A.B. asks: 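Below you'll find the structure I mean.
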There are 2 protein chains.
Amino acid sequence: VNELLGVLCYGYLVSFDRLASDARLAPDLERRAVLCGIAAGELAHHERLVARLKELGADPEAAMAPFVAALDDFHDSTKPRSWLEGLVKVVVGDGIVTDFYREVADFLPEPDRSLVQDILRDTRRAEFATAQVRAAIEADPELSGPLALWARRLVGEAISQAQRVAAERDALTELVLAGSGDLMGVAELIKRVTAGHSDRMRQLGLNN
Amino acid sequence: VNELLGVLCYGYLVSFDRLASDARLAPDLERRAVLCGIAAGELAHHERLVARLKELGADPEAAMAPFVAALDDFHDSTKPRSWLEGLVKVVVGDGIVTDFYREVADFLPEPDRSLVQDILRDTRRAEFATAQVRAAIEADPELSGPLALWARRLVGEAISQAQRVAAERDALTELVLAGSGDLMGVAELIKRVTAGHSDRMRQLGLNN
């Protein structure tokens, strides 16, 4: 449980940081402030997870530490160069994280199951980002090719960092394995996450 | 009024942005999250000011636009290179802004006077930053010299950007001038802001 809360906890802190900085790419101050507000929401999730880790008698710092390098590397290797790349990253990253951890949270005892699922229920980020990207692609269909490529790169980097975490963090891996039943169960989980990703790509107007 | 709300409004948006990025300099994840939380507070101030500008029938984007370059330049020229430099900037910048605009807000009609004063009453940033810097200097008095120099640079940059805004924005300048009575009144206001700055330097343990 601590490892799961730890990875999410650091994930939201670094997400706050990256969204705040991606917000500078916004075409106007209003949309910049919207992305900043979304960032502030991530920080609130981080704070709830810190509070829960403390309740469990864990040191939040220690719980997050194992995931700092992998998450920082993911974000360093996927720095958006434009407002739309930043928003595609929100949709893609957020979607995969949400789908994956929502299933993993099912394997948790209460009250952590509800806590994680409640946090993952926050879909404002993805809704705003999907609407923006969709409108931009409708206005200029040429954007679709490069953004689809970008989305594939995001998925590639996410998978490679997830493998790294899985290889290093036995407790988290065992939780997923035990919860899924067996390796076949894990494969099914990955299949569902992949299907969710394809859905989101369609919603964005990125069909490739 | 719109110009005053506009400069504060963009000031808090850019402050959110810079604090979020300075937070990476924190020595641990706990203090990083505290600075991120302070940043989120700045964003909340920004949002209140946007709401008020809209109420007044102003376009928030247009109200902020004249101040973007000066505030961005100020922050670009005063990027902290360490956690402590970041905190000294919070104390110094925040203190000057608060003292100055609190007086200027006195010249505003209601309800804007109360709105601005309520926002400026938020002193969590400065309290946290002061305590951190003070403790660091008590532990290592050698830090005091370089940080005092840094603080002087901050004041210098703030003054030069404030002069630029004053030269360009007649309405804001006239508000200050009319409120203060005359140039002598403005000089007195600057004197009070300077005295407040000296007090804060003493509180930080920076006596030079």
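In the text below, chain A, chain B and the rest are named by the order of the sequence lines, each starting its count at 1. Bear in mind that the values here come from a model prediction, so they are computed numbers and not experimental data.
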A.B. asks: Contact between B:Val7 and B:Leu71 at the side-chain level, heavy atoms closer than 4.5 Å - yes or no?
C.D. replies: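 The answer is yes; the side chains approach within 4.5 Å.
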A.B. asks: Does any heavy atom of chain A fall under 4.5 Å from the side chain of B:Val50, the backbone, both, or neither of them?
C.D. replies: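 The answer is neither part of B:Val50.
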A.B. asks: At what distance, to the nearest 0.5 angstrom, does CG of B:Leu143 lie from CG of B:Leu206?
C.D. replies: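 So the gap between those two atoms works out to 9.5 Å.
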A.B. asks: Could you state the interatomic distance from CG (A:Leu8) to CG (A:Leu120), rounded to the nearest 0.5 Å?
C.D. replies: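 Between atom CG of A:Leu8 and atom CG of A:Leu120 there are 6.5 Å.
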A.B. asks: Rounded to the nearest 0.5 Å, what separation is found between the CG atom of A:Leu87 and the CG atom of A:Leu204?
C.D. replies: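 Result: 9.5 Å between the selected atoms.
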A.B. asks: Measure A:Ala23 against the heavy atoms of chain B and call it side chain, backbone, both or neither at under 4.5 Å.
C.D. replies: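 Contact with chain B is absent: no heavy atom of A:Ala23 under 4.5 Å.
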A.B. asks: Would you give the length of the straight line joining atom CG of B:Leu175 to atom CG of B:Leu108, rounded to the nearest 0.5 angstrom?
C.D. replies: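 Going from the CG atom of B:Leu175 to the CG atom of B:Leu108 covers 5.5 Å.
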A.B. asks: Which atoms of B:Ala33 come close to chain A, meaning under 4.5 Å heavy atom to heavy atom: side chain ones, backbone ones, both, or neither?
C.D. replies: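 For B:Ala33, heavy atoms of backbone and side chain both lie under 4.5 Å from chain A.
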A.B. asks: Quick test of your reading: applying ring-ring contact (aromatic ring centres under 6.0 Å, His included), list the pairs with at least one residue in residues 120-149 of chain A, sequence neighbours left out, ordered by first then second residue.
C.D. replies: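 Residue pairs passing ring-ring contact (aromatic ring centres under 6.0 Å, His included), neighbours aside: none found.
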A.B. asks: Considering only heavy atoms, which portion of A:Ala39 lies under 4.5 Å from any heavy atom of chain B: side chain, backbone, both, or neither?
C.D. replies: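 Contact with chain B involves the side chain of A:Ala39 alone.
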A.B. asks: Working to the nearest 0.5 angstrom, can you tell me the gap between B:Leu43 CG and A:Leu35 CG?
C.D. replies: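 B:Leu43 CG to A:Leu35 CG: 10.5 Å, rounded to 0.5 Å.
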A.B. asks: For B:Leu29, which atoms come within 4.5 Å of any heavy atom of chain A: side chain, backbone, both, or neither?
C.D. replies: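 Both backbone and side chain.
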A.B. asks: Just how far is it from atom CG of B:Leu84 to atom CG of B:Leu25, taken to the nearest 0.5 Å?
C.D. replies: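 Answer rounded to 0.5 Å: 10.0 Å.
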A.B. asks: Could you list each donor and acceptor atom pair linking chain A to chain B at less than 3.5 Å?
C.D. replies:
| unit_1 | atom_1 | unit_2 | atom_2 | d |
| --- | --- | --- | --- | --- |
| A:Tyr10 | OH | B:Arg32 | NH1 | 3.2 |
| A:Asp17 | OD1 | B:Arg24 | NE | 2.9 |
| A:Asp17 | OD1 | B:Arg24 | NH2 | 2.7 |
| A:Asp17 | OD2 | B:Arg24 | NE | 2.6 |
| A:Arg24 | NE | B:Asp17 | OD1 | 2.9 |
| A:Arg24 | NE | B:Asp17 | OD2 | 2.6 |
| A:Arg24 | NH2 | B:Asp17 | OD1 | 2.7 |
| A:Leu29 | N | B:Glu61 | OE1 | 3.4 |
| A:Leu29 | N | B:Glu61 | OE2 | 2.7 |
| A:Glu30 | N | B:Glu61 | OE1 | 3.3 |
| A:Arg32 | NH1 | B:Tyr10 | OH | 3.2 |
| A:Glu61 | OE1 | B:Leu29 | N | 3.4 |
| A:Glu61 | OE1 | B:Glu30 | N | 3.3 |
| A:Glu61 | OE2 | B:Leu29 | N | 2.7 |

